[in-house]
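The chains referred to below are lettered A, B, ... by the order of the sequence lines, with proteins before strands, and numbering in each begins at 1. Remember, it's a predicted structure, so these values are computed and weren't measured experimentally.
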2 protein chains.
Amino acid sequence: MENNAPPKPTETELEILQILWQHGPSTVRFVNEAQNKTKETGYTTTLKLLQIMFEKNLVLRDEESRSHVYRAAVTEEETQQRLLDRFLDTTFRGSAMKLVMQALGNHRTTPAELDQIRHLLKKLENDSSNADL
Amino acid sequence: MENNAPPKPTETELEILQILWQHGPSTVRFVNEAQNKTKETGYTTTLKLLQIMFEKNLVLRDEESRSHVYRAAVTEEETQQRLLDRFLDTTFRGSAMKLVMQALGNHRTTPAELDQIRHLLKKLENDSSNADL
DNA sequence: ACTTGTCTACGAAGTTAGTCGTAGAACGAG
DNA sequence: CTCGTTCTACGACTAACTTCGTAGACAAGT
């Protein structure tokens, strides 16, 4: 019954993953309290969510002590990439360009960040003249 | 009972909006056939969805002829922007930078497109030295 | 040992999205 | 006029997500 392959996390599951990514392995209580800073949530609600996420292989848990310690089973980057791909398809019909333009156009970006992007652009330009990796 | 303010479209609603944006005002049948090119969908399913979207003010409809003609009540850009904002928050914790980097890094972008982004960057840089709009 | 508090496990209820069946109106042949 | 087709409207069913209540295990303090 143990199936691998972590699926797309739901909205709330993602919030929990964010907490785990930010703070590392945590108990249910910790996660719950972190959640409550944003949105009132019952303890058992958080518990249940984590249990479900465990079933889905979205998180792992250490059952040594009485309070289990949960940690993300997927990395933040992996997940972001996966969600981004999907989002790109559904919302921007696959045009990374349009997405980037809108993201840059409508959100305050510091000059330093713009510079960072400029570097990436240069790097991409160079790579594109080479063989595809 | 008529409340304005179009809400966040769901996954399937978005697919329908895409069709309307691409092809302009359409009948239920047309939308349904477009959907079927991707995914087998019953006629009444499409109908119901459009009716619901009508209630939600996501689409408008012309009831002149027997087959109603639906059209998007929101523009593609508006909607993309709104979904992007949300996505940015939930998935990238608000960092437009990280999103852009990942989008550019992992999707084939043509040199022409890179150039277009470069122009935008220059424009942003100039604007940032002015007063904030 | 008893009480109090914290933990896991489990099940049930509420919500929303998506699916479709069926009924009845409208239309167009023949 | 009557039959078959196409349409809208409506209601019901399923599945997934989220929420929480309750029960029982476990530990700690008095």
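Remark: DNA chain C takes part in the stems C:1-30 with D:1-30, each of 3 or more antiparallel Watson-Crick or G-U pairs, criterion distances under 3.5 Å.
Within 4.0 Å of B/Thr45, counting heavy atoms only, lies at least one base atom of the nucleic acid. Using a 4.0 Å heavy-atom criterion, one finds that A/Thr44 contacts the bases of the nucleic acid, with or without backbone contacts as well. Using a 4.0 Å heavy-atom criterion, one finds that A/Leu49 contacts the bases of the nucleic acid, with or without backbone contacts as well. In this structure, B/Glu11 reaches the sugar-phosphate backbone alone: every heavy-atom distance under 4.0 Å involves primed, P, OP1 or OP2 atoms, never a base.
Under the 4.5 Å side-chain heavy-atom criterion for grouping Ile, Leu, Val, Met, Phe, Trp and Tyr, A/Val31 is connected to A/Trp21 within one hydrophobic cluster. Cluster membership for A/Leu49 and A/Leu14, using ILVMFWY side-chain heavy atoms within less than 4.5 angstrom, is shared. Both A/Leu88 and A/Leu83 belong to a single network of hydrophobic side chains, linked directly or stepwise wherever heavy atoms of I, L, V, M, F, W or Y lie under 4.5 Å apart.
Rounded to whole Å, the distance from CD on B/Glu33 to C1' on D/dT6 is 12 Å. Between the CG atom of B/Asn32 and the C1' atom of D/dC7 there is a distance of 13 Å, rounded to whole Å. One atom, OH of B/Tyr70, and another, C1' of D/dT8, lie 8 Å apart when rounded to the nearest Å. One can place CD1 of B/Ile52 at 15 Å from P of D/dT8, the figure rounded to the nearest angstrom. Rounded to a whole Å, the CD atom of A/Glu15 is 15 Å from the P atom of D/dC17.
Taken from OG1 in B/Thr91 to CD in A/Glu76, the straight-line distance is 10.0 Å, to the nearest 0.5 Å. Within the model, atoms CG of A/Asp62 and CZ of A/Arg71 stand 7.5 Å from one another, a figure rounded to the nearest 0.5 Å.
Closest contact between the side chain of B/Arg29 and the listed nucleotides D/dG11, D/dT6, D/dC26 involves D/dT6. The side chain of A/Lys39 sits closest to D/dT19 out of D/dC7, D/dT19, D/dA27.
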Item to check | CA sep, side-chain torsions, deciding dist, call: B/Asp115, B/Arg118, side chain to side chain contact (heavy atoms under 4.5 Å, CB included) | outcome: CA-CA 5 Å; B/Asp115 229 54; B/Arg118 214 173 273 112; 2.9 Å; yes

Next on the checklist: Assess the residue pair A/Met101 and B/Leu120 against the criterion (side chain to side chain contact (heavy atoms under 4.5 Å, CB included)); give the C-alpha distance rounded to whole Å, side-chain angles, the decisive distance to 0.1 Å, and a yes or no.
Outcome noted: CA-CA 8 Å; A/Met101 300 286 284; B/Leu120 176 60; 3.6 Å; yes

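Near DNA chain D, meaning a heavy atom under 4.0 Å away, there are no residues from residues 58-65 of chain A.
For DNA chain C, the contact window with chain B, defined by any atom under 4.0 Å from a protein heavy atom, covers C/dA17 to C/dC27 in 5' to 3' order.
Distances shown here put every side-chain N or O of A/Thr10 at or beyond 4.0 Å from the OP1 or OP2 atom of D/dA16. For D/dG21, neither phosphate oxygen OP1 nor OP2 lies less than 4.0 angstrom from any side-chain nitrogen or oxygen of A/Tyr43.
Annotation: side chain of B/Gln102 is not in contact with side chain of B/Met97 (no heavy-atom distance under 4.5 Å). Looking only at side-chain heavy atoms (C-beta outward), B/Gln35 and B/Thr12 come within less than 4.5 Å of each other.
In this structure, B/Glu63 places its CD atom where more than 12 heavy-atom neighbours from other residues, nucleotides or ligands lie under 6.0 Å away. B/Arg93 CZ: more than 12 foreign heavy atoms inside a 6.0 Å radius.
Remark: the B/Arg66 side chain and the D/dT6 base include a donor-acceptor N/O pair separated by less than 3.5 Å.
Checked for salt-bridge contact, B/Glu113 and A/Lys98 miss the test: no charged N lies under 4.0 Å from a carboxylate O.
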